[in-house]
Amino acid sequence: MIVMKFGGTSLGDGEAIKRAADIVCHTLEDKGEVVVVVSAMSGVTDVLLSAATSAARGNGETFRRARWALSDRHRLAMTEAISDEEARLQLMEEVEALLSGFESLCRSVHILGELTARGSDAVASLGERLTVRILAAALREKGVTATAVEATEVIVTNGQHGSAAPLMDETRETARARLLPLLAEGVTPVVTGFIAAAKDGVTTTLGRGGSDHTAAILGACLDSDEVWIWTDVDGVMTADPMVVPEARTLPEISYAEAAELSYFGAKVIHPKTILPAVERGIPLRIVNTFNPSHPGTLIVAEVKLSELTVKGITSIKGLSLVTVEGRGMLGVPGIAARVFTAVAQGGISVLMISQSSSEQNICFVIRQEAVEDALRALEAAFELELARRNVDRIWAQDKVVIVAAVGAGMKGTPGIAAKVFGALGKHGVNVISIAQGSSEYNISFVVDEGDMEDAVRYIHQEFGLGLCPEPASS
Ligand code: ADP
Ligand code: ASP
Ligand code: MG
């Protein structure tokens, strides 16, 4: 059995939906059983969420316009992908009913002037609820007995709106109870990615980009042979091809490397996708809907020995570097604990930490949108020290990025850091802060947002990543 997920671009219009349906048909012929997971059409989740946010701020127009724009886009896709008129008309009714639900939700948000986390998840879930129906209909048109399934009936979460975590034991039970009988009857389930439900049935989402995670959760719960992620590039590459056009596909990487690459910004795979796959040893394959004959990237526990020490260069934008500094911090125990407790209590996650050996400052990187909250939390926690001048300053530098060089071959290989920073020095790129994970699978550092592309390209070039592709795996 294969669980395969199609991303937003892979379902971006009627043609893409037909292509996805063809891929499912071929895999069914080849492998026998397929469970399909779908994202919303590209950009739809953004439109839904920004309409609801602007409704909460008092804008009564944006959500109405968004409803009609979404209606037009999905209608056009249905016209292209579904030729049977009766099937299409019935589908259009279902789509309009969902979009009318979206408008009602936004109207309530507008009246209340508030968008709760629960409301936000209800709105965000609509994109996948639309595509799941369209792809199932496109498959039926090709003679596949396919049915749309809402993941609220399949994945049970801890109820944390916006970034819910699956409860794997419960999910294993519900997923098997809901999906295995369908497969046994020869039905292909087409399941909404990204969404799930808490124990009480309320809709939750798994976090932005979370459809990859859905596919891995289902793969693990159904003991599938493999999980395939269909996207718009030829697999996991040595860098984002949008930044480095000569980036190459990595034919095979380990779970650990995939985890580091995705954590440090390789958006092609959501970081949470790896864990369910690792736990059950299920291989993940990243493949291109627009180039399906390309083997893409295989992600497994153990990979063949590689000549590449550094395999990929990644970056994360939209960050701030927060610094707590003061001569009075020298040798005082517990400062770091208090810094990170204050930040954690504000629900803010820290992406990278570094402390200079003189102990006179601690700096860490967070998402820019959390910076006001972080500064407020730290100022409250260190009120006394600030007054006594033991802590001189708590401040943030906005518009920074983390760049990371990742690869398992870096472990124990001397000279990697020298090569990374040598390349940056040679080209005059200023490094603001540095960290190396103890796994030695990555070296990450902070640069100004304006230097991001140069930093990625120079390091990519320095390690010859665009020049020496590894032989394709079979
Ligand atoms: P989907 O909608 O299919 O989930 P995403 O947009 O989430 O697709 O992820 C695919 C994109 O990830 C690519 O178009 C590419 O620009 C970006 N990307 C970033 N880093 C990498 C990388 N190292 N390898 C491949 N793609 C990457
Ligand atoms: N549609 C969701 C998002 O845009 C989930 C996904 O595409 O994976 O975040
Ligand atoms: Mg994605």
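In this text, all values refer to a predicted model and were calculated from it rather than measured experimentally. In each ligand, atom 1 is the first atom listed, and ligand 1 is the first ligand listed.
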[X] side chain to [Y] side chain, donor-acceptor N/O pair below 3.5 angstrom:
| X | Y | result |
| --- | --- | --- |
| Ser71 | Glu96 | yes |
| His460 | Thr238 | yes |
| Thr152 | Thr203 | no |
| Ser320 | Asp398 | yes |

For ligand 1, which is the ligand I care about here, please tell me if [X] has any N or O atom under 3.5 Å from one of the ligand's N or O atoms.
| X | value |
| --- | --- |
| Gly265 | no |
| Asp212 | no |
| Thr231 | yes |
| Asp232 | yes |

Response to the item:
Under 4.0 Å between heavy atoms, the region of His270 that gets near ligand 2 turns out to be neither
Give the minimum heavy-atom separation between [X] and [Y], together with the two atoms involved.
| X | Y | value |
| --- | --- | --- |
| Ile402 | Leu319 | CG1-CD1, 3.5 Å |
| Val243 | Arg457 | O-NE, 2.8 Å |
| Pro271 | Ser262 | CA-OG, 3.3 Å |
| Val156 | Ala198 | CG1-C, 4.5 Å |
| Ala239 | Val456 | CB-CG1, 4.3 Å |

Worksheet item: With Asn288, which of Asp234, Thr249, Thr231 fulfils side-chain hydrogen bond (donor to acceptor under 3.5 Å, both in side chains)?
Response: Asp234
Worksheet item: For the residue pair His213 and His270, does the interplanar ring angle fall in the parallel (under 30°), tilted (30 to 60°) or perpendicular (over 60°) class?
Response: parallel
Practice prompt. Show the numbers, then the answer: is there a salt bridge (Lys or Arg N to Asp or Glu O under 4.0 Å) between Glu449 and Lys317?
Written response: CA-CA 7 Å; Glu449 203 166 86; Lys317 276 199 265 198; over 6 Å; no
Practice prompt. Considering the heavy atoms of Arg208, write down every atom of ligand 2 situated less than 4.0 Å from one of them.
Written response: 3 (C), 4 (O), 9 (O)
Fill in: For Ser39, the ligand 2 atoms whose distance to one of its heavy atoms is below 4.0 Å
6 (C), 7 (O), 8 (O)
Worksheet item: Can Gly209 be said to touch ligand 2, with heavy atoms closer than 4.0 Å?
Response: yes
Worksheet entry | Any Gly8 heavy atom less than 4.0 Å to ligand 2 | no
Worksheet item: Which one of Val456, Val243, Asp240 has a non-hydrogen atom at the shortest distance from atom 15 (C) of ligand 1?
Response: Asp240
Given that the side chain starts at C-beta and the backbone is N, CA, C, O, which of these parts of [X] lies under 4.0 Å from ligand 1, counting heavy atoms, or is it both or neither?
| X | answer |
| --- | --- |
| Lys311 | neither |
| Val268 | both |
| Met242 | side chain |
| Pro241 | side chain |

Within less than 4.0 angstrom of ligand 1, does [X] place any heavy atom?
| X | value |
| --- | --- |
| His270 | no |
| Ala239 | yes |
| Gly235 | yes |

Please state which protein non-hydrogen atom is closest to [atom] and give its distance, to 0.1 Å?
| atom | value |
| --- | --- |
| atom 2 (O) of ligand 1 | Gly8 N, 3.2 Å |
| atom 5 (P) of ligand 1 | Lys267 NZ, 3.8 Å |
| atom 6 (C) of ligand 2 | Ser211 OG, 3.4 Å |
| atom 24 (N) of ligand 1 | Met237 N, 2.9 Å |

Worksheet entry | Over-ring placement of Lys419 relative to Phe463, 6.0 Å and 45° cut-offs | yes
Discussion item. Are any of the N/O atoms on Glu128, whether in the backbone or the side chain, positioned under 3.5 angstrom from an N/O atom of ligand 2?
Written reply: yes
Worksheet item: Is any N or O atom of Gly207, backbone or side chain, closer than 3.5 Å to an N or O atom of ligand 2?
Response: no
Worksheet item: In terms of atom number and element, which parts of ligand 1 are under 4.0 angstrom from non-hydrogen atoms of Lys5?
Response: 4 (O)
Discussion item. Using ring pair (Phe, Tyr, Trp, His ring centres under 6.0 Å), reason through Phe102 and Phe63 one step at a time and then give a plain yes or no.
Written reply: CA-CA 8 Å; Phe102 160 66; Phe63 69 85; 7.2 Å; no
